[in-house]
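Here the structure is laid out as structure tokens; the discussion comes afterwards.
Labels below follow one simple rule: chain letters A, B, ... track the order of the sequence lines, proteins then strands, and each chain is numbered from 1.
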Number of protein chains: 2
Amino acid sequence: MAFHKKEEFTRKEQDLAAFAKALSHPARIAILKVLAERNECICGDIVNVLPLAQSTVSQHLKELKNAGLINGTVEGPRSCYCINWKAFEKFNTEFNSLFDHLKVKNEKACC
Amino acid sequence: MAFHKKEEFTRKEQDLAAFAKALSHPARIAILKVLAERNECICGDIVNVLPLAQSTVSQHLKELKNAGLINGTVEGPRSCYCINWKAFEKFNTEFNSLFDHLKVKNEKACC
DNA sequence: TCACTTTATCGTATATTTGCGATATACATT
DNA sequence: AATGTATATCGCAAATATACGATAAAGTGA
């Protein structure tokens, strides 16, 4: 690709794309599901549930954290993660605002 | 990665991830916005709007079409694209069903 | 038929992602 | 202090994604 031209798009487009990218792997979807299902913030339990090595899971967790979708805190010798619902809410809103009001207008569009 | 282990996740997880992947580039978000804004189904007009080469835009359109997010039909010498709102609706529902009912339970979770 | 326009595809270069084992780090327990 | 447990990071290999120019394909119009 030579150079990524992502900077040439609007901030909103980049933010939404970054959010979608964080969700763009089934392992990360699965991790979010586990975090959402359990009340305690899990850590290495995720490794036991997923068909992936510990280092790989740790990497996915890092990406989710960088994207702001989850929070992580160190609890003694282990790490505790949980979903950042606020970030989820924010992006859900942004996603809808991008398309929803246009949807009505074009519901019965051409092809 | 050696081999992609995506097959080891559930179909729902894979589908949702594939949808998110289609949205995971700002150029594709921008394309969807253009398609949503105009009543006529655009084609090469998108090329004029985006800071990308024609072949690159064509590639992004192909990916969006493969993901089922847009429809494309040939109209004489040109191609006509528009958003597949049904697919959008489906994935939006699926996305919400994955997380929304869990959200209530865990709203005030740990970390 | 011969240009012209529009779009798709091919080939290629480079960047990024995915995955794992090995290792480091950090705390807990003995 | 020594050991064990849990997690993060490093280094590497392989797969994918991104981007573009060149070219092909397919229709239009002179």
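Residue B:Lys65 is out of contact with every strand shown, counting any heavy-atom pair closer than 4.0 Å. Residue contacts for B:Leu52: at a heavy-atom cut-off of 4.0 Å it reaches the sugar-phosphate backbone alone, with no base atom in range. Contacts of B:Ser79 with the nucleic acid, taken as non-hydrogen atoms under 4.0 Å apart, involve only primed sugar atoms and P, OP1 or OP2.
Look at A:His60 and you'll find a side-chain N or O under 4.0 angstrom from OP1 or OP2 of C:dG19. Checking the phosphate oxygens (OP1, OP2) of C:dC20, a side-chain nitrogen or oxygen of A:Thr56 falls inside 4.0 Å. The phosphate of C:dA8 (OP1 or OP2) has a side-chain N or O of B:Tyr81 nearer than 4.0 angstrom. At least one side-chain nitrogen or oxygen of A:Lys21 sits closer than 4.0 Å to the OP1 or OP2 atom of C:dT17.
In this structure, the CD1 atom of A:Ile31 is 13 Å from the C1' atom of C:dG19, given to the nearest Å. Distance B:Ile46 CD1 to C:dA8 P: 10 Å, rounded to the nearest Å. Across the protein-nucleic acid pair, A:Arg28 atom CZ and C:dG19 atom P stand 8 Å apart, rounded to whole Å. For the pair B:Leu64 CG and D:dT18 C1', the computed distance is 14 Å after rounding to whole Å. Straight-line distance from the CG atom of B:Asp45 to the P atom of C:dT5: 16 Å, rounded to whole Å. Put simply, NZ on B:Lys62 is 16 Å from P on D:dA19, counting in whole angstrom units. One can place CG of A:Asn66 at 13 Å from C1' of D:dT9, the figure rounded to the nearest angstrom. When rounded to the nearest whole Å, the span between CG of B:Leu23 and P of D:dT18 equals 12 Å.
Taking each heavy atom of A:Ala22 and A:Leu64 in turn, the nearest pair found is O-CD2, 3.8 Å.
The residue among B:Gln54 and A:Arg78 whose nearest nucleotide of DNA chain D lies closer to the 5′ end is A:Arg78. The residue among A:Pro51 and A:Gly76 whose nearest nucleotide of DNA chain C lies closer to the 5′ end is A:Pro51. When each of B:Ser58 and A:Ser55 is assigned the nucleotide of DNA chain C with its nearest heavy atom, B:Ser58 is the one assigned upstream, toward the 5' end.
Between the side chain of A:Gln59 and the base of D:dC10, no donor-acceptor pair under 3.5 Å is found. No hydrogens or angles were tested; on distance alone, nothing pairs the side chain of B:Glu63 with the base of D:dA17 as donor and acceptor under 3.5 Å.
Within the 4.5 Å cutoff, the side chain of A:Leu52 has heavy atoms near those of the A:His60 side chain. Between B:Arg28 and B:Leu69 there is no side-chain heavy-atom pair separated by less than 4.5 Å.
Between A:Phe9 and B:His25, the two ring planes are perpendicular [angle over 60°; tilted spans 30° to 60°]. By the 30° and 60° cut-offs, the orientation of the rings of A:Phe95 relative to B:Phe88 is parallel.
Residue B:His25 has its side chain nearest to D:dA19 when only C:dT9, D:dA19, C:dG21 are considered. For B:Ala53, whose side chain is taken as the heavy atoms from C-beta onward, the closest listed nucleotide among D:dG21, D:dA8, D:dT18 is D:dG21. Each of C:dT18, C:dC27, D:dA8 was ranked by its minimum atom distance to the side chain of A:Pro77; first place goes to C:dC27.
Looking at A:Ser58, its side chain never comes within 3.5 Å of a backbone N or O of A:Ser55 through a donor-acceptor pair.
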